[in-house]
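Below is one structure, written out as structure tokens, with a few remarks after it.
In what follows, chains are A, B, ... by sequence order, proteins preceding strands, each numbered from 1.
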Protein chains: 2
Amino acid sequence: MVTILDVARLAGVSKATVSRALNGKVFVREEVKERIFQAIAETGYRPNQLARNLANNKTNSVGLVITNGLYNGPFFASLTYHAATNSEIHGRQLVLADGKHSAQEERDAIDLLMSLRCEAIMIYPKYLTVDELDAIIDNSQTPIVVINRELSRHLNQCVFVDHQQSCETMMAHLLAQGHTRIAFVAGAEGSPTGEKRLAGYQQALRRAGIEPDPQLLVHGAWSTDSGYAAGRELLARKVPFTCILAGNDDMAIGVAKACLEAGLRLPQDVSLAGFDDSVLGKYYNPSLTTIHVPMEAMIRHAIDILLTPGEHAARSHEGELVCRESVAPPK
Amino acid sequence: MVTILDVARLAGVSKATVSRALNGKVFVREEVKERIFQAIAETGYRPNQLARNLANNKTNSVGLVITNGLYNGPFFASLTYHAATNSEIHGRQLVLADGKHSAQEERDAIDLLMSLRCEAIMIYPKYLTVDELDAIIDNSQTPIVVINRELSRHLNQCVFVDHQQSCETMMAHLLAQGHTRIAFVAGAEGSPTGEKRLAGYQQALRRAGIEPDPQLLVHGAWSTDSGYAAGRELLARKVPFTCILAGNDDMAIGVAKACLEAGLRLPQDVSLAGFDDSVLGKYYNPSLTTIHVPMEAMIRHAIDILLTPGEHAARSHEGELVCRESVAPPK
């Protein structure tokens, strides 16, 4: 059984410092905290404060709101996994509530978590706008962090990736391989993530002196099934292209099936890439070139903002290009 | 905006009957309920009782306990999706709590959900034994349903698939294709699901007059990464086989990568099958033969037991063979 003492020894600090870093009631230097969390990861230490907290009538729980339309895929599974694991490292219990199908229901889910006495809340919004999120933060007594939206009025209460920049990085790679006819399977219409990736695609083309061809743009809805449908639609247009970039890995796998059914080989006849670095893409045949979204680092950052006092450096997380087998130079 | 009246019209019943079926306070005939839920699905009706309930100081929420070690994959994502969607159909909010890494922590998560005033709780156990689950149900005031365990003392409070029977069905298919040297990548050791699938594999071989060869058995831990490692281990043994059955689709995709890296073609050189009918397997190339686990029907059944009064027929759900491209007769 690993104890807090083992963590303290490995991190070269006192037990009290480990406690302080975990309960976040007082300030601990960033560099020391990093060492402690490293030691926790290495020793596998698991603080179990729940029983104690229940006796004190504190739930010591962190709430997470996501709409169930996003549940059904590996991206959400990974997000929830990291949220639960990192809540636990801080001695908190993750409680998930469903944001359902509208901004009002996302608000209801936040209210529910507050009524359950969650001490802090993370929201991965689908329907609430930036203005609405700003207002919720302004009016809340409970600390709130918004994941995957840039809130310029609350830069210390949001954690996000620059999706446009990530998409430009991916496009630079595809263009450098020699592709100029690159099709794009965009995410769900109205999705800020989808719109930023689309903007990155168009921006990168224009910068390379290529006018985006509307015939090479189709919309999916993030799921693998929708990617398959989008891939079939694209192929049915009979316009030439040498590469397809999908707005996420799930859709890319669906696009791949449409291509294979049409007798196209990947990557010999057509190159394919996605976003998110999901486990699907890593194990697909051919393995999928993608952008790694640093979900674990983002969730750690979000929980750090919520549970440890003091100023936190506002920063955008960086997506990282992962080159695999599904992209090759055009024939 | 779809209203309860639209649902009532389509189902051919009164608004009051729809209400009764949803809030489960009084008896509604099974056949009528089925029609109403069908109408809800067709119209997309979404009862929003949360705001009202909060005002009444009732949370009207259904709790779900799963350990975070199971979060990180499409199977969990699908389970949570169906749990949230079906809770919502009953006007309830799903609240998820993390069972973490031990029977005690699974118990703590149940206690947390009770302290949050959840009106009913589903648990998908990993660590709690059947005896411990029986005792929890005996001592709880809150209705509890256990998913994926057969509790012979509480057959009305559990929902499960006969994993051994499903595996025998799969094996009968593989044997009928002419395979006799069939390797098995078992799930995590100690997992009841894994043990039942393994028992089905061995039983089916013996019934066909084939003594199970320990050289053809490797253990994974459910994840795709663990399937890849198990596949490499199996191949390193240099024992002949013509087919690999993996304990779930996630591991099968990992096994596939190990085979491809060894220069084996699927299914020409080796056949491959899994369990769960995950979206990964459906879109994999070649698409994966598997057993469909009726997760949505199981979750509906669980929520029906929890929220509608009266006796419920105890029954095991049936896994269903899904034949795709990854299995062919041996060369």
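For B/S287, the part sitting under 4.5 Å from any heavy atom of chain A is the side chain, from C-beta outward, and nothing else. In this structure, chain A has a heavy atom under 4.5 Å from the side chain of B/L260, while its backbone stays farther away.
Ion pairing between B/R324 and B/D277 holds under the 4.0 Å rule for side-chain N and carboxylate O. Using a 4.0 Å cut-off between a side-chain N of Lys or Arg and a carboxylate O of Asp or Glu, A/E119 and A/R92 qualify as a salt bridge. Remark: A/D225 engages B/K282 in a salt bridge, criterion side-chain N to carboxylate O under 4.0 Å.
When each of B/N285, B/L113, B/L280, B/L64 is scored by its heavy-atom pairs under 4.5 Å with chain A, the top score falls to B/N285.
Between A/F76 and B/F76, the angle of the ring planes stays under 30°, which puts this pair in the parallel group of the 30/60° scheme.
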